[in-house]
K.L.:
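Structure incoming, see below.
Within every chain, numbering begins at 1; the chains are lettered A, B, ... in the order of the sequence lines, protein sequences first and strands thereafter. Reckoned from all heavy atoms, side chains included, excluding hydrogens, waters and symmetry mates.
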Amino acid sequence: MIKKSLIYWIVAFVALVIQGSLLPVFFKSGQIPSLIFMLILAWSLIDGFERFFWWTILFGIMTDLAGTSALGTHVIAFSLLTYAVTFLSRRFSGDIRGGGTLLAILFVTIGTLIAKAVAIPMLSFSDDFPSVVFSVYAHPVEIMLSVFYNSILFFIISFFIPRLKKFFTIE
Amino acid sequence: MRRIISSKFLRTFLVVASFTLIIVFGLGNFFDPLRSNISAILSPFGKFTYVISLKTEAVKDSLFSIGQLKKENEALINENQKLIAENAELKDQRNENEFLRQQLQLLPRNRFTLEAASVASQDSTGLGNWIDIDRGLEDGLREGMAVIVSRGILVGKVQEVFPHTSKVMLLSHPKSALNVLTNDTGAKGIVRGEYGLGVIMDMVLQSDVVNVGGEVVTSGIGGVVPRGLYVGVIREVRPSKDHLFQQAVLTSSIDPSKLQTVFVIKNEK
């Protein structure tokens with residue numbers, strides 16, 4: 001249990017460092033992949049809701065405290081993402097490999113849209129809410145590019161996490 | 001009905017509701033001391049990764065430009081023939097250039113006490129609204145201090161200060177509000193970020209003259225940010241949404257995503 005917790009925290013820590021210090025250098029503003037969200041997405045599907053839900057809360061708190069968002073913003077986003085994808089994956093009996101590729105891209109799209117929604121509470125301080133929402137979602141090319149980059153990240157993470165768990169003999 | 005109200009749904013709902021209340025009532029502020037600790041832990045790793053990323057990006061850019069460099073090399077060889085003949089005059093011009101550079105003073109060290117800081121990480125949401133730097137309370141930084149790069153170009157203000165790190169709110173942040181004026185006509189306004197996509201000068205009176213191409217600098221009103229720091233150049237002038245004021249869309253000469261070293265103005269001499 002301790003080993004599992006340690007590994008999970010280290011992976012989340014590394015993801016936060018990469019998200020803040022590496023990805024913004026290589027990608028244009030508005031197209032930066034959401035590594036943290038894809039990590040939560042992949043882990044939710046691999047571990048399942050029961051085993052991973054409380055980790056989404058802890059990782060959400062850590063992400064909020066590492067950035068400037070109000071405490072709870074990422075917790076809400078991660079919780080909704082975890083519930084949505086585990087609910088949908090049960091409904092459609094999807095698997096990440098084989099025939100579940102389209103389903104995985106659907107999950108990535110949901111994750112991308114939720115990741116963009118996190119920006120809304122931070123932007124809607126003085127101006128009208130519809131304009132803020134419009135400015136976040138008004139660029140379909142950027143959203144498509146974000147989904148594309150996030151899909152690549154998601155499949156990479158989905159490939160490595162089971163192997164990581166196997167390597168460290170984590171359940 | 002029972003399937004809908006499952007324990008998973010209930011748990012998710014309770015978490016979402018609880019944290020929504022925390023956000024609405026601002027209870028998250030109790031955890032601000034934790035932000036400092038997390039920032040202190042992340043900062044050295046973030047800085048290291050950021051430096052490596054910038055170097056890798058530079059290598060990538062140079063690899064992609066190899067074809068162009070080849071053509072430039074051929075043109076330079078031809079140019080060199082002419083330069084040999086003009087060498088004496090160029091040496092004299094170079095000496096004059098170095099003298100003028102000293103006079104212009106790339107950094108306004110004679111006006112301000114500056115604290116150099118390295119950028120450790122950026123806004124992880126990708127909107128380019130803030131950066132983390134590796135200087136904090138222990139280095140004399142305080143909230144509200146202006147942050148510049150060379151030649152006195154303003155990039156933002158210190159928003160949160162921890163013992164060894166700080167968060168800098170960039171001009172593109174929607175909460176950023178700065179008193180400015182145009183260099184050529186003296187028109188006053190307030191610069192603020194526009195949804196992370198750019199910077200606009202707002203609340204300019206209809207009677208004031210604002211020209212495209214005009215330079216915008218800080219006005220010093222309020223006493224927090226010193227006067228005369230360069231903000232940007234006017235790219236477009238348009239009426240505000242309510243048509244009561246004018247707005248000017250600004251272009252900055254710096255790219256926040258490429259910032260490596262910044263300078264915090266601790267006080268004016």
Side-chain angles (χ1 to χ4, degrees), chain A residues 13-14 16-36 49-50 53-54 56-57 60-76 79-80 82-84 86-87 115-116 118-119 121-127 131-132 134-136 146, chain B residues 8-9 11-13 15-16 18-24 26-32 34-35 37-39 41-42 45-54 56-57 60 119-130 132 159-160 167 169 172-175 192 194-197 256-258:
Chain A
F13 181 85
V14 169
L16 273 175
V17 170
I18 294 173
Q19 182 74 62
S21 302
L22 190 145
L23 295 178
V25 175
F26 291 108
F27 294 90
K28 283 185 199 174
S29 178
Q31 296 169 11
I32 298 175
S34 309
L35 174 62
I36 306 284
F49 184 92
E50 297 297 337
F53 182 66
W54 300 113
T56 65
I57 299 169
I61 292 172
M62 188 170 159
T63 307
D64 284 329
L65 292 176
T68 57
S69 51
L71 181 74
T73 310
H74 281 88
V75 176
I76 292 170
S79 303
L80 290 173
T82 301
Y83 179 76
T86 51
F87 177 81
K116 288 200 177 287
V118 166
M122 291 189 282
L123 299 177
S124 58
F125 273 100
S126 56
D127 285 276
S131 300
V132 172
F134 179 78
S135 71
V136 171
S146 296
Chain B
K8 286 184 196 172
F9 175 79
R11 266 183 279 172
T12 309
F13 176 78
V15 167
V16 169
S18 306
F19 280 92
T20 302
L21 288 172
I22 287 175
I23 293 172
V24 166
L27 299 173
N29 295 335
F30 289 117
F31 294 89
D32 280 351
L34 269 178
R35 281 189 198 267
N37 296 330
I38 289 176
S39 185
I41 296 168
L42 279 172
F45 298 96
K47 200 165 72 169
F48 174 76
T49 310
Y50 192 67
V51 167
I52 300 294
S53 304
L54 285 175
T56 310
E57 176 78 353
K60 188 195 85 179
V119 176
S121 63
Q122 297 182 16
D123 182 0
S124 55
T125 62
L127 294 172
N129 285 337
W130 52 264
D132 276 318
Q159 182 190 7
E160 277 184 86
K167 287 201 185 315
M169 180 166 65
S172 54
H173 195 295
K175 283 174 75 178
R192 58 181 179 81
E194 192 175 39
Y195 312 127
L197 300 173
S257 67
K258 298 286 187 281

K.L.:
Roughly how far, to the nearest 0.5 Å, is the CG atom of A:Leu65 from the CG atom of B:Leu42?
P.N.:
10.5 Å
K.L.:
Counting only heavy atoms closer than 4.5 Å, note whether B:Ser39 contacts chain A via side chain, backbone, both or neither.
P.N.:
neither
K.L.:
Run the side-chain contact (heavy atoms from CB on, under 4.5 Å) test on A:Phe49 and B:Thr12 for me, step by step, so that the C-alpha distance in whole Å, both residues' side-chain angles and the decisive distance to 0.1 Å come before the verdict.
P.N.:
CA-CA 10 Å; A:Phe49 184 92; B:Thr12 309; 3.5 Å; yes
K.L.:
Which heavy atom of A:Gly72 sits nearest to which heavy atom of B:Ile23, and what is that distance?
P.N.:
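Heavy-atom minimum between the residues: C-CD1, 3.7 Å.
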K.L.:
What distance separates B:Leu54 CG from A:Leu22 CG, expressed to the nearest 0.5 Å?
P.N.:
9.5 Å
K.L.:
Which distance, rounded to the nearest 0.5 Å, do you find between the CD1 of A:Ile57 and the CZ of B:Arg11?
P.N.:
9.5 Å
K.L.:
Please check if the side chain of A:Ser21 supplies one atom and the backbone of B:Tyr50 the other of a donor-acceptor pair under 3.5 Å.
P.N.:
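Judged by distance alone, no pair lies under 3.5 Å.
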K.L.:
Measure the spacing between NZ of B:Lys175 and OG1 of A:Thr68 and express it to the nearest 0.5 Å.
P.N.:
8.5 Å
K.L.:
Can you name the side chain to side chain contact (heavy atoms under 4.5 Å, CB included) partners of B:Glu57, sequence neighbours left out?
P.N.:
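Testing B:Glu57 for side chain to side chain contact (heavy atoms under 4.5 Å, CB included), a comparison that skips the adjacent residues, returns A:Val25, A:Phe26, B:Lys60, B:Asp61, B:Lys258.
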K.L.:
Using non-hydrogen atoms and a 4.5 Å limit, figure out which bit of A:Phe53 sits close to chain B: side chain, backbone, both or neither.
P.N.:
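For A:Phe53, the side chain is the part near chain B, not the backbone.
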K.L.:
Report which part of B:Ser18 has an atom under 4.5 Å of a heavy atom belonging to chain A: side chain, backbone, both, or neither.
P.N.:
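Contact with chain A involves no heavy atom of B:Ser18 at all.
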K.L.:
Please classify the contact between B:Leu27 and chain A as side chain, backbone, both or neither, with a heavy-atom cut-off of under 4.5 Å.
P.N.:
neither
K.L.:
Heavy-atom distance under 4.5 Å to chain B: side chain of A:Ile61, backbone, both or neither?
P.N.:
side chain
K.L.:
If you measure from OG1 on A:Thr73 to CZ on B:Phe19, what distance do you get to the nearest 0.5 Å?
P.N.:
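Here the interatomic distance stands at 10.5 Å.
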K.L.:
Once you round to the nearest 0.5 Å, how far does CD1 of B:Ile41 lie from CZ of A:Phe13?
P.N.:
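The CD1 atom of B:Ile41 sits 6.5 Å away from the CZ atom of A:Phe13.
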K.L.:
Taking every non-hydrogen pair under 4.5 Å, which of B:Gln159, B:Arg35, B:Lys167, B:Gln122 racks up the most with chain A?
P.N.:
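Answer, by heavy-atom pair count under 4.5 Å with chain A: B:Arg35.
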